[in-house]
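Order of the sequence lines sets the chain letters (A, B, ...), proteins ahead of strands, with each chain counted from 1.
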Number of protein chains: 2
Amino acid sequence: MPYDPSAFPPFAVTVDLVVLTVRRHSLCALAVRRGEPPFQGRWALPGGFVRADEDLAQAAARELAEETGLRAHDPAVPVQDNGAHLEQLATYGDPKRDPRMRVVSVAHLALAPDLPAPRAGGDASNVRWAPVEELLQRGGYGRDGEPVAPLAFDHAQILSDGVERARSKIEYSSLATAFCPPEFTVGELRRVYEAVWGVALDPRNFHRKVTGTPGFLVPTGGTTTRQGGRPAQLFRAGGATLLNPPMLRPEV
Amino acid sequence: MPYDPSAFPPFAVTVDLVVLTVRRHSLCALAVRRGEPPFQGRWALPGGFVRADEDLAQAAARELAEETGLRAHDPAVPVQDNGAHLEQLATYGDPKRDPRMRVVSVAHLALAPDLPAPRAGGDASNVRWAPVEELLQRGGYGRDGEPVAPLAFDHAQILSDGVERARSKIEYSSLATAFCPPEFTVGELRRVYEAVWGVALDPRNFHRKVTGTPGFLVPTGGTTTRQGGRPAQLFRAGGATLLNPPMLRPEV
DNA sequence: GATCATAGTCGTCTGCTTGACGATAAACAC
DNA sequence: GTGTTTATCGTCAAGCAGACGACTATGATC
């Protein structure tokens with residue numbers, strides 16, 4: 001049965017990615033510089049068109065691999081290898097969000113451990129990790145006094161939503177381990193929470209909480225001193241994906 | 001600057017609605033019977049194409065009004081009149097989810113107080129409130145022994161995701177009041193939680209929790225005996241939208 | 001009108017979790 | 001060795017939740 005394409009308005013569908021990582025104690029997002037209009041020269045979130053035969057999650061995983069070389073996780077598999085966590089975030093479809101045409105963007109959120117450096121489509125100066133608060137202070141000035149143009153399109157909103165999702169989700173899930181290498185210490189995991197939430201946590205209470213939650217962390221037997229100080233036990237993420245009771249985010 | 005439409009594959013974009021309410025102590029969803037292929041005669045979620053000049057939230061609100069007569073809430077306004085809560089749920093874009101063509105559906109979740117009866121496009125026999133567990137037991141048998149066909153398309157998945165969202169969101173937000181009339185008693189609110197979660201809650205502990213959370217409920221001064229028994233105080237939803245600490249869902 | 005059933009509301013007690021913080025341990029730098 | 005850093009264990013008080021007793025105010029029933 002043929003279907004009349006004129007019966008519905010045609011849309012372009014894209015995926016945009018909020019790729020977050022923790023670098024040098026601050027929450028950073030992947031940004032790419034746009035090479036063509038609209039918003040030429042402005043920073044934007046990575047993304048691209050969904051292909052005709054492709055699922056949304058596949059399209060997001062493909063874009064993620066193209067931009068970072070990261071494999072996306074099968075959501076059914078616990079987070080423990082170098083693949084990134086990838087989940088759908090929300091969909092943005094304001095008729096005017098792209099001046100060229102009607103574009104609906106299905107934003108995805110990816111969490112990755114600290115990566116050497118983005119190896120974009122080749123040109124390294126057009127891809128970077130930037131602290132999210134820098135990307136979100138639209139039209140302000142960077143730490144070097146250089147004016148910072150707001151992100152292209154509605155990407156500041158998308159980034160903001162992605163950051164908020166990450167902040168709330170590490171409260172009640174083991175998702176913070178997606179920011180860590182396969183083996184990590186309790187202190188490293190605590191610094192992830194501190195960077196994502198932008199607060200300081202008590203090391204002793206944090207240690208009690210994460211080691212006391214069954215299935216959250218499993219010791220690997222090894223230790224490391226890569227953070228300095230007394231050697232710390234190494235852990236892997238355990239099978240538990242839900243944290244009950246949740247980790248409490250301190251009041252501001 | 002003109003854009004070459006052949007550079008990207010065209011998609012149809014729809015909104016589908018998971019409209020939930022609580023009727024006779026059970027969680028029910030709005031279902032419509034499909035009048036044309038594909039899946040002709042099968043039950044489905046209400047929905048339709050997004051128009052060319054319409055935002056996604058506008059499209060969802062329009063569909064909701066067409067199916068139920070409910071006005072959607074401005075999300076900035078606290079839930080207290082007869083408007084329904086409406087929020088984006090997730091987007092479904094499997095290439096084969098609609099056999100006719102490539103359709104991406106942006107599902108929305110609506111929560112409404114118990115309504116008289118759906119006044120669909122006119123034909124009442126093709127719209128109904130059905131208990132969600134009945135809609136979700138795909139290919140099983142209804143309570144009357146009549147075989148129940150699974151929902152059309154991937155709507156069982158969408159409904160399941162919507163129900164799960166509602167179940168988790170009433171834990172930490174005041175969203176359960178969206179299922180209640182403007183004025184309601186503590187017992188009525190408790191029965192909402194019990195229906196949505198499918199558990200029994202202790203009336204005394206529930207009463208202590210909701211009346212002890214500042215800003216959650218505000219007494220109107222009136223009382224009612226519409227549930228029988230001793231007269232109960234009437235409340236309206238207070239300004240607080242977040243419940244901290246959350247309402248704890250009992251272990252199974 | 002007494003009794004019963006129903007639902008609402010207030011308290012009490014116990015155990016668990018948290019936040020604050022003292023104390024000790026094991027590495028490295030000098 | 002001394003100081004610094006980070007990790008880890010312990011203690012204590014406050015807060016909150018689950019279990020549950022007790023009392024109240026209606027309508028229904030005899």
Side-chain angles (χ1 to χ4, degrees), chain A residues 24-25 170-172 180 183-195 197 199-236 240 242-252, chain B residues 24-25 170-172 180 183-195 197 199-236 240 242-252:
Chain A
R24 285 176 281 113
H25 283 211
I170 64 173
E171 288 184 35
Y172 59 89
C180 294
E183 297 197 351
F184 53 89
T185 70
V186 172
E188 288 164 349
L189 184 62
R190 175 170 48 82
R191 280 180 274 276
V192 165
Y193 276 90
E194 291 179 334
W197 283 346
V199 298
L201 300 176
D202 185 286
R204 297 155 292 190
N205 293 335
F206 184 88
H207 190 278
R208 178 181 60 191
K209 174 70 176 173
V210 296
T211 58
T213 300
F216 187 24
L217 298 182
V218 291
T220 66
T223 62
T224 182
T225 61
R226 62 188 172 216
Q227 300 290 339
R230 170 176 164 181
Q233 277 190 80
L234 285 169
F235 293 88
R236 265 202 310 272
L242 251 48
L243 223 53
N244 203 348
M247 182 87 61
L248 293 183
R249 178 164 23 169
E251 317 285 321
V252 178
Chain B
R24 286 176 282 111
H25 283 211
I170 65 174
E171 290 184 35
Y172 57 89
C180 295
E183 296 197 351
F184 53 90
T185 69
V186 172
E188 288 164 348
L189 185 61
R190 176 170 48 81
R191 279 180 276 277
V192 165
Y193 276 91
E194 292 178 333
W197 284 345
V199 298
L201 299 176
D202 184 287
R204 297 157 289 190
N205 293 336
F206 183 88
H207 190 278
R208 179 182 59 190
K209 173 71 178 174
V210 296
T211 58
T213 301
F216 187 24
L217 298 183
V218 291
T220 66
T223 61
T224 182
T225 60
R226 62 187 172 216
Q227 300 291 338
R230 169 177 167 179
Q233 276 189 81
L234 285 169
F235 294 88
R236 266 202 309 272
L242 251 47
L243 223 53
N244 202 349
M247 183 85 62
L248 293 182
R249 173 159 31 163
E251 316 287 321
V252 179

[X] side chain, from C-beta outward: closest of [options]:
X        : options               : value
A:Asn205 : C:dT9, C:dG8, C:dA20  : C:dA20
B:Arg191 : C:dG22, C:dA26, C:dG8 : C:dG8
B:His207 : C:dT17, D:dG18, C:dT9 : C:dT9

Using only heavy-atom distances, decide whether a donor-acceptor pair under 3.5 angstrom links the side-chain of A:Arg230 to the base of C:dA27.
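When only heavy-atom distances are counted, A:Arg230 does not reach the base of C:dA27 through any donor-acceptor pair under 3.5 Å.
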State whether the distance check finds a donor on one side and an acceptor on the other, under 3.5 Å, for side chain B:Arg204 versus base D:dG21.
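Answer is yes: a donor-acceptor pair is held.
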Please tell me which of B:Met247 and B:Gly229 maps to the more 5' nucleotide of DNA chain D, matching each residue to the nucleotide holding its nearest heavy atom.
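The 5'-side residue here is B:Met247.
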Tell me the interatomic distance from [X], atom [atom1], to [N], atom [atom2], rounded to whole angstroms.
X        : N      : atom1 : atom2 : answer
B:Leu217 : C:dG8  : CG    : C1'   : 14 Å
A:Gln233 : C:dA27 : CD    : P     : 13 Å
B:Glu171 : D:dA17 : CD    : C1'   : 15 Å
A:Leu234 : D:dA7  : CG    : P     : 11 Å
B:Arg190 : C:dT6  : CZ    : C1'   : 12 Å
B:Asn244 : C:dT17 : CG    : C1'   : 14 Å
A:Phe184 : D:dA7  : CZ    : P     : 13 Å
B:Arg249 : D:dG18 : CZ    : P     : 13 Å

Please round to the nearest 0.5 Å and tell me the distance separating atom CG of B:Leu242 and atom OH of B:Tyr172.
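B:Leu242 CG to B:Tyr172 OH: 8.0 Å, rounded to 0.5 Å.
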Need to verify one output field. Residue with the more 5' nearest nucleotide on DNA chain C, B:Phe235 or A:Arg208?
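Whichever sits nearer the 5' end wins; that is B:Phe235.
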Judged by each residue's nearest nucleotide on DNA chain C, which is more toward the 5′ side, B:Gly187 or B:Asp202?
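Closest to the 5' end, via its nearest nucleotide, is B:Gly187.
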To check you understand the geometry: which heavy-atom pair defines the closest contact between [X] and [Y], and what is its length?
X        : Y        : value
A:Thr224 : A:Thr185 : CG2-CG2, 3.4 Å
B:Pro246 : B:Lys209 : O-NZ, 3.5 Å
A:Gln233 : A:Pro219 : OE1-CB, 3.8 Å

Touch class at under 4.0 angstrom, heavy-atom based, for A:Arg226 against every strand present:
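Answer is nothing: A:Arg226 stays at 4.0 Å or more from every strand.
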Check the phosphate of C:dT18 against A:Lys209, side-chain N and O only, distance under 4.0 Å to OP1 or OP2. Yes or no?
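It does, given that an N or O in the side chain of A:Lys209 lies less than 4.0 Å from OP1 or OP2 of C:dT18.
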Side chain proximity check, A:Val210 to A:Tyr193, heavy atoms < 4.5 angstrom:
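SC-SC contact between A:Val210 and A:Tyr193 ruled out.
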